2 protein chains.
Amino acid sequence: MISTHAEEGAPLAGGGARLHGVVSLRERRAEYVLPRNGLITSDPGCPGCNQRDRCVGAGSSPEDLAQVDRIIGHRRRLERGEVLFRTRDPCEFLYAIRVGSLKSVQISEDGREQVIGFHMAGEIIGFDAIAAKAHTCNAVALEDSKVCAISLKRAGEGSAAAQLVQRNLSRAMSQEITREQRMIVLLSYSLALSRVASFLLSMSNNFEARGYSRSEFLLRMSRAEIGSFLGMTIETVSRSLSELAREGIIETDQRHLRILDMERLRKKTRRIAMI
Amino acid sequence: MISTHAEEGAPLAGGGARLHGVVSLRERRAEYVLPRNGLITSDPGCPGCNQRDRCVGAGSSPEDLAQVDRIIGHRRRLERGEVLFRTRDPCEFLYAIRVGSLKSVQISEDGREQVIGFHMAGEIIGFDAIAAKAHTCNAVALEDSKVCAISLKRAGEGSAAAQLVQRNLSRAMSQEITREQRMIVLLSYSLALSRVASFLLSMSNNFEARGYSRSEFLLRMSRAEIGSFLGMTIETVSRSLSELAREGIIETDQRHLRILDMERLRKKTRRIAMI
DNA sequence: CGCCGTCTTGAAGACTTTCAAACGAAGTGG
DNA sequence: CCACTTCGTTTGAAAGTCTTCAAGACGGCG
């Protein structure tokens, strides 16, 4: 049984890797106070966050972390499908994903959505707005999620904590650039099956990096969203997954995915076509 | 007659836009001192650079610009085909392109090149190395070029000039993220003709932003490099260009390109296929 | 002038999209 | 509780697009 409910567990704890999406009862926490706008007003903050070593306060002592916490403008809970920011929203905050996952989409003038990225807990989104002074894409929650708004104004004020945050933001932007470069390489693969295989491996790596199983997880996005991201129709996504399943490389049940043969999946990423 | 020689002119001066690649005699300058390794030892520096309003010293007074100049580790001249940095080179410098253009390529384990970006004067490259502590791609000059090495160590030292540089680098990274997001959108277009049209328009915008003609320019990269970048074979690149020329939208003569109908070229970017 | 690398063009085959139909899960209303 | 709708997904067949293989054209250079 796989729950679709997001949870703020501590997956990095030793032993076998937790399966993403599976919620054990003892990990449930009391809900934070939630006013109607989704703002979280009572919260353990950065010192109590399980993403603290991955986020803007990385590398600071517990005391410093309390200072880093002041850079956070507010924390917010998002329901599945809720929009965090939209194109042309002014650039005030970056958002650290604490729980859950989001997608970035660009809307073309004729109203079609194009997914340009999927983001998981521990990632920071909104960097595109720094230079443009406004967001250039929409961010939408793929599941119930929690985000921390990093105030760009406070991050630029020059305190020791702000400087630490700036260094971490710089590192995060560099990571984002590297991630997008990998995406550009992926999209240049000519064969649909290669792109789907690469996508699954990247998901697998993302889950593994967060302490979840790398071989079994729940895809939080629809086939249509995968297709939009990978530049193919949902039929081709479906056929590619079916083909991988037919060859015994993966097993799918709805959005639940199990990788049976990691090495053969990797081989599939090497496009056969093109020189 | 179009020269292929790079030149450090002042294209932003008023009147008609200069044609990129065309060199008028009076714009030629005395060559800088060039030791065998391509290092430039005598140079007007940031205050005399025509990219100063676009680069890391943007927004500073002429006096401050002399301080910014200290962040520069060295300046270097590259010949066409010369490699600026390679994958796994340690991360010491970012590079500001002063004259010319470069490509970023990733080399797959089987030795094939994949172009992941083209970069022009005024851009800064190497951001991928900040988080990874080493470069994750190779940078190769597409034409004779000049670059300024920005010392990451000196940029982090905390002086007023260094802080200005850091803000500008942050902006440049955000721009780079936005650029790559646009590339991801481009690559998701299913039709080859749409991708080629988008590529030409992006080139056109790049030249226009630098004061050159937006409708007539010299492509510094081969069809093979375009194909690698756009994820298609060189035959498909060639056929797409021929098709656009047949329709009277562009005119090509080798790498020299003239856009005859910007609006119809824009229409071609809207992919017909897919929902 | 002839060689070489780059580019263009043609034809056949491979792959993807499109259109259409069917399936299963989830939710609604009788 | 079951029919019924809806949505997301899967599968099939035909049409369209791209790649592959092959050959020819073009320009630069010795």
Side-chain angles (χ1 to χ4, degrees), chain A residues 1-5 80-81 103 112-113 115 142-143 187-197 199 218-247 250-257 268 270-275, chain B residues 1-5 80-81 112-113 115 142-143 187-197 199-200 218-247 250-257 268 270-275:
Chain A
M1 231 16 244
I2 291 182
S3 157
T4 56
H5 190 78
R80 184 170 187 277
K103 64 175 177 180
R112 280 179 309 191
E113 268 196 10
V115 175
L142 287 172
E143 58 185 313
L187 286 171
S188 300
Y189 292 166
S190 37
L191 292 183
L193 197 71
S194 302
R195 294 208 290 274
V196 171
F199 171 73
L218 210 56
L219 296 169
R220 307 323 286 233
M221 65 293 287
S222 68
R223 301 286 190 266
E225 286 163 336
I226 297 173
S228 170
F229 190 45
L230 299 182
M232 60 182 78
T233 59
I234 76 179
E235 291 95 331
T236 304
V237 174
S238 180
R239 272 187 260 264
S240 299
L241 290 171
S242 299
E243 171 62 23
L244 290 172
R246 204 171 306 122
E247 296 189 35
I250 63 170
E251 220 172 62
T252 61
D253 171 25
Q254 303 283 101
R255 297 187 182 183
H256 177 201
L257 195 119
K268 292 289 180 189
R270 292 163 202 146
R271 62 185 183 288
I272 317 137
M274 287 192 47
I275 305 167
Chain B
M1 230 17 245
I2 293 181
S3 157
T4 56
H5 190 76
R80 183 171 187 277
R112 281 179 309 190
E113 267 195 12
V115 175
L142 288 172
E143 58 184 313
L187 286 170
S188 299
Y189 291 167
S190 36
L191 293 183
L193 198 70
S194 302
R195 293 209 291 272
V196 171
F199 171 72
L200 295 180
L218 210 55
L219 296 170
R220 309 318 292 230
M221 65 294 286
S222 69
R223 299 287 190 268
E225 286 163 335
I226 297 173
S228 170
F229 189 44
L230 299 182
M232 58 183 80
T233 60
I234 81 177
E235 292 95 329
T236 304
V237 174
S238 181
R239 273 187 258 265
S240 299
L241 290 171
S242 299
E243 171 62 21
L244 290 172
R246 203 172 305 123
E247 295 188 36
I250 64 170
E251 221 173 61
T252 60
D253 172 24
Q254 302 284 103
R255 297 187 183 183
H256 177 200
L257 195 120
K268 291 289 180 189
R270 290 163 204 146
R271 61 188 185 286
I272 316 139
M274 287 192 46
I275 306 169

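Lettering follows sequence order; numbering is per chain, from 1. Predicted model only: the values in this text are computed from it and were never measured.
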Rounded to whole Å, please give me the gap between [atom1] in [X] and [atom2] in [N].
| X | N | atom1 | atom2 | result |
| --- | --- | --- | --- | --- |
| B:Met221 | C:dC7 | CE | P | 12 Å |
| B:Met232 | D:dT19 | CE | P | 7 Å |
| A:Gln254 | C:dA25 | CD | C1' | 7 Å |
| A:Ile226 | C:dT16 | CD1 | P | 16 Å |
| B:Arg255 | C:dT8 | CZ | P | 10 Å |
| B:Leu191 | D:dA15 | CG | P | 19 Å |

Open item on the list: Between B:Lys268 and B:Glu247, does any side-chain N to carboxylate O distance fall below 4.0 Å?
Closed with: yes

TODO: Pick base, sugar-phosphate or nothing for B:Arg195, based on heavy-atom distances below 4.0 Å to the nucleic acid.
DONE: nothing

- [ ] Give the nucleotide from the list C:dT9, C:dC19, C:dT8 with an atom nearest to the side chain of B:Ile234.
- [x] C:dT8

TODO: Working to the nearest 0.5 Å, report the span between CG of A:Leu241 and CD1 of A:Ile226.
DONE: 6.5 Å

Task: Rounded distance [0.5 Å steps], CD1 in B:Ile234 versus CD in B:Glu225 - done: 11.0 Å

Does a side-chain N or O from [X] land closer than 4.0 Å to OP1 or OP2 of [N], or not?
| X | N | value |
| --- | --- | --- |
| B:Ser242 | C:dT9 | yes |
| A:Thr236 | C:dT17 | yes |
| B:Arg239 | C:dT9 | no |
| A:Arg223 | D:dC7 | no |
| B:Ser222 | C:dT6 | no |

Open item on the list: Tell me whether the side-chain N or O atoms of B:Arg246 pair up with the base of C:dT8 as donor and acceptor below 3.5 Å, since no angle test is needed here.
Closed with: no

Task: A:Leu230/B:Ser188 under side chain to side chain contact (heavy atoms under 4.5 Å, CB included): CA gap, chis, key distance, verdict - done: CA-CA 6 Å; A:Leu230 299 182; B:Ser188 299; over 6 Å; no

